[in-house]
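Chain letters run A, B, ... following the sequence lines, proteins first, then strands; residues in each count from 1. Every value quoted in this text rests on a predicted model; they were computed, and no experiment measured them.
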Amino acid sequence: MMEPIYLDHAATTPTHPEVIDRMVSVYREAFGNPSSVHSFGRKARRLVDEAREAIARSIGASPKEIVFTSGGTESDNMAIIGAAYAKKEQGRHIITTKVEHHAVLNTCRALEKQGFTVTYLDVDRAGRVDVEALRRALRDDTILVTIMYGNNEVGTLQPIAAIAELLKGRDVLFHTDAVQAFGTEAIDVRTLGVDLLSMTAHKINGPKGIGFLYVREGVRLVPYQHGGEQERKRRAGTHNVPGIVGLQKALEIADAEREQRVRHYRALRDVLLSTLEERGVRFAVNGDPDGGLAHIVNLFFPGTNVETLLTALDLSGVAVSSGSACTAGSVDPSHVLTAMFGAESEEAKSSIRVSFGLYNTEEQVKKAANIIAETVGRMVSGA
Amino acid sequence: MIYLDNSATTKPYPEVLDTYKTVAEEYFANPSSLHKLGGRAEALLNKCRAQAARLLNVKEQEIIFTSGGTEGNNTAIKGVAFGYRQRGKHMITTKVEHPASRAAFEQLEALGYDVTYLDVDREGRISVDDVKRALRDDTILVSVIHVNNELGTIQPVEEIGNLLKERPKTLFHVDHVQGFTKVPLDFYEAGIDLCTISGHKIHGPRGTGILFIREGVQLSPLLAGGGQEHGLRSGTENLPAIAAFVRAMRMTTERARTGIAALDKLSKRIRQALEELPGVTVNTPKQGAAPHILNATVHGLRAEVFIHALEEEGIYISTKSACSSKESEASAVLLACGIPEEAARQAVRISLSFENTPEEIERFLQTFARKLSELKNAME
C-alpha cells in the first residue's frame, strides 16, 4: 500500500531524525538520574540545566521560569489548577474561551465541580475573542484568565498582547496555551506579557511525553504532582533527561528554520487553495481571513458530511482530521466550529482540518488537493 | 565503569532504544487520530497494553500508561482520596514511603484528610497488626511501598491484602516501583486494587510507567483533557516510549527467571564482605529484603565523601534515594527504623541490576575495602 500523505501535523508530528539521534545518545551516555550526587547524575543534571537555559533563552524567559512536564495536557492542568488553588482565597472566578483545547476546557469544567466559577467567552466568526468582552467579564473575584495563543483547529491567533495589556495592574494571572503555535510563531514571553505559557515538544518534531510550563518569576502555583524535590518542588518525578534534551533540540531546529517553514507552509496553503479553486470545488476557509497559524487550514465543503469525507479521504491515502485529535474517537461536531458558527451550522458538520509539517512537499499537497476535490465532488453530486 | 545505583535509574537496554527509534519513526501518528496512520498507532498501543497486561497477569482495561512512578503514586493516592471522599477521609500509609507517596499524603492532610503513618521496626517493616488496629470505618485507602527504595525491605503486602479482602470499602495501593521484576508479586492474589510501576527502573525509557487499576475502582483523574487512557490520564500517548517500556518489561521479566537467584548470590556476597570490614554495618535486613538493594553504614565517614572516593575509581553508588539526595538531612527511612542520626548520615546504598556481574562485584568490593582504609588512615 502506498504511504498516505500526512496532513495532520496539528495532531502530532514525526520526530526529527536529529532529535531521535540526540536522545538515543543521551540514553547511552548520560543515563544517570540528575538527582544523584555522583558524576553520572551530575552529567545528566548539566544536560538538564543547559537545556533549560537554551529553552529559556529561546522564549525570553529566565531558566528558573521553565518547569518541565510530561506535555501540553500536564502543562495546562498544572497552570490552571495550580493557579486556581494558589489564589482561591482571593477569588474563585476564571475566564476562558469556548474554543480552547480540551486540556484547558475539561480542566475548567473539573474546577467548576470544585466550587470555581468559569466564564467561557464567545468568539466571532473568525474564531477570535473580543478584548472588550473580556473586560466586561472581569470581576473583582477573577483570579485567572486562560486563553490560547493560536487555535489548534482553525489556526486563529488570539490578541494575547492586548489581553495582557488589559490585565496589567490587576491581580489576575494570565495563562496561554501556546502548544500549537510554537512551530510557526516566534514566542517571547516578555513581549507577550503572560504569566503562564504551555508548550509541548511533539507538535514541533520533538519527542512525545515532554513539554514545559513557563511560570513567570513570582507566580506561585500549588503543585499538582508531589514527591521528590525536582523542578524546585514544582513538579516531582525523575527528570526525563533524553526527552528534555530532545525538546531543546527540536526547539533549536524550529527556531532556526521558523521563517523558512512559515514561508513553505504558506506556499503549501496556496497550492491547496488554488488547486481546489481550479477544480471548481465549492469551499470556504474557516478561521481568520487575515491569517492565523501558517500550518493550519480549516476547510468548509458545503453539502458534505465530515465523517464520510474523512473516511473516503483516508481510503484514498490522505490523512487529515475533523478537529483536535484529542476529541477524535468521537466525531462530535467540533466545539470550535460550533462556537464560531453555531451548533446547527453547516460549517460545524462539513469541515476538515489540513495541517502541514516538515516533510510535506508542494507535489504532495497538490495531489492531496486533487483527491479532496474528487472526493468532495463525488459527495456533493451524490455519486 | 561499575554502575551500582540502579535504584536511582537504570541504563536502557539497546533493544529498548531500538524499539523507541523504530516506533518514533514508523508509528509517529497520534493514536486518537481517525485516519489509517492514527489507527496503526492505536493498534500498536493496544498491542502494548495487551502485552503489559499479560506480563502483569491482569486485564488490559486495568492498565493505564503514565509518565512514571511519581505520577502513578499521585494518581492512585489522590484519585482515591477525591474519588471516594463521600465514603471517608481516612488513609493509612507508612513512615518509610517514597517521597512521591509521602508528599501526596502531606498534600491531602492539608486538604483535611486524616492520614495514619505506621511505624516500622528496626528492619524497616510495618506490622500487619498495626494495619489492623489503624483501620477505621472511614478508612478509604491503605498505601504501602512493596520494596523500600533505600533499604530493600519487603513489606508484608500479601498479608495486608488478605486482611483488606474482608473490607471491600478500603482500597489497597502498592508502590511496586522498586520491586517490579526483582520481587515477584501477583496483584490479584495479593488483593491489590492499585499498583504503581515505573519504566526507567527496569532498563526502560524515562517518562513511562503503569498504574494498575483493578476493574471497578473509580478514580478521580489527575489530568483533565482529551480523555485518553479510559479518561483517567489525558494527554497524547507517548507511544515510542510506551512500546520501548513494554519491551523492557518483557526483557527484564525474562531475565528475572535466572536473574533473581543470581542477584541474591551477589547481594549475599556483598553483605558477607562488608560485614567483615571494620566499622561497616549492613542496615538492610538479612531476611525479607529484595535481592538488589543493600544499605550499609560506613561509620566515621560522611557518605558523600565515601561516594566521591569510589567515583574516582569509576564506581557509582549513592547515599539515599536520588529523589531526596540533595537534602543534607539524614535519611528519613533509616531514622524511622531507629538508626541513630549519625549512622544514618553515614549510610550508602548499593543497588544492582540483572546486568551486574560477579566480576564487577569483586572489583567493587576490593575497591570499597581499599578506599575505606585509605580514607580512615588519612583521617588518623
Side-chain angles (χ1 to χ4, degrees), chain A residues 4 6 8 11-15 20 24 27-28 31-33 35-41 70-74 76-77 101-103 106-107 109-110 200 202 207-210 224-230 236-243 310 314 319-322 324-329 331, chain B residues 3 5 8-12 17 20-21 24-25 28-30 32-38 67-71 73-74 98-100 103-104 106-107 200 205-208 222-228 234-241 304 307-308 311 316-319 322-327:
Chain A
Y6 187 73
D8 195 15
T12 191
T13 60
T15 313
I20 298 180
V24 169
Y27 265 125
R28 288 204 181 111
F31 68 87
N33 186 328
S35 300
S36 294
V37 293
H38 50 62
S39 69
F40 249 90
S70 69
T73 296
E74 187 185 326
D76 286 341
N77 274 260
H101 188 275
H102 279 91
N106 287 343
T107 303
R109 285 187 194 128
T200 192
H202 78 96
K208 295 184 171 64
I210 190 77
Y224 95 103
Q225 182 162 297
H226 292 71
E229 305 203 336
Q230 294 92 345
T238 299
H239 282 107
N240 181 355
V241 186
L310 285 178
D314 189 32
V320 292
S321 72
S322 59
S324 151
C326 300
T327 50
V331 271
Chain B
Y3 184 76
D5 192 15
T9 193
T10 57
K11 185 172 185 176
L17 295 181
Y20 183 91
K21 213 167 168 235
E25 282 163 1
F28 71 87
N30 193 322
S32 299
S33 290
L34 288 176
H35 46 67
K36 228 174 302 186
L37 293 172
S67 72
T70 297
E71 186 186 317
N73 284 346
N74 273 263
H98 186 275
E106 283 165 6
Q107 185 203 12
H200 76 99
R206 294 291 169 74
T208 57
L222 221 55
L223 287 179
Q228 290 91 342
S234 288
T236 300
E237 298 89 344
N238 186 354
L239 187 56
E304 287 77 12
I307 283 167
H308 290 311
E311 193 184 318
Y316 299 90
I317 64 170
S318 68
T319 48
C323 292
S324 48
S325 282
K326 287 287 188 274
E327 304 162 33

Kindly compute the distance separating [atom1] ([X]) from [atom2] ([Y]), expressed to the nearest 0.5 Å.
X	Y	atom1	atom2	result
A:His202	B:Asn238	NE2	CG	9.0 Å
A:Thr15	B:Lys21	OG1	NZ	11.5 Å
A:Thr12	B:Leu239	OG1	CG	10.0 Å
B:Leu223	A:Ser70	CG	OG	6.0 Å
B:Tyr20	A:Tyr27	OH	OH	6.5 Å
A:Asn33	B:His200	CG	NE2	6.5 Å

Heavy-atom distances under 4.5 Å only: say whether [X] touches chain A with side chain, backbone, both or neither.
X	value
B:Glu71	both
B:Thr208	neither
B:Glu237	backbone
B:Asn74	side chain

Sequence-distant partners of A:Ala103, side-chain contact (heavy atoms from CB on, under 4.5 Å), two or more places apart: A:Thr73, A:Asp76, A:His101

Of the backbone (N, CA, C, O) and the side chain (C-beta and beyond), which part of [X] lies under 4.5 Å from a heavy atom of chain B, both, or neither?
X	answer
A:His239	backbone
A:Val241	both
A:Thr13	backbone
A:Pro242	side chain

Look at [options] and state which one has the largest set of heavy-atom pairs under 4.5 Å with chain A.
options	result
B:Lys11, B:Arg206, B:Glu311	B:Arg206
B:Ser234, B:Gly68, B:Pro240	B:Ser234
B:Ala24, B:Ala100, B:Gly38	B:Ala100

Looking only at heavy atoms and a cut-off of under 4.5 Å, which of A:Gly41, A:Ser39, A:Gly72, A:Ala236 has the most pairs with chain B?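 Highest number of pairs under 4.5 Å: A:Ser39.
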
Pairs of heavy atoms under 4.5 Å with chain B: top-ranked of A:Pro14, A:Gly32, A:Gly209, A:Gly243: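 Option with the greatest count: A:Pro14.
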
If the condition is side chain to side chain donor-acceptor pair (under 3.5 Å), which residues does A:Asn106 pass it with, not counting sequence neighbours? A:Arg109

Please give me the minimum heavy-atom distance between A:Gly227 and B:Ala103, naming the atom from each residue.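 Reported closest heavy-atom pair: N-CB, 3.4 Å.
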
Ignoring hydrogens, what is the shortest heavy-atom contact between B:Leu222 and A:Asn77? Give both atom names and the distance.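 Reported closest heavy-atom pair: O-OD1, 3.8 Å.
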
Does any non-hydrogen side-chain atom of B:His35 lie less than 4.5 Å from one of A:Tyr6?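 Yes, close enough: below the 4.5 Å cut-off.
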
Are B:Tyr3 and A:His38 close enough that some pair of their side-chain heavy atoms sits under 4.5 Å apart? yes

Is there a donor-acceptor pair under 3.5 Å between the side chain of A:Lys208 and the backbone N or O of B:Phe28?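 Yes, because the side chain of A:Lys208 sits within donor-acceptor range (under 3.5 Å) of the backbone of B:Phe28.
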
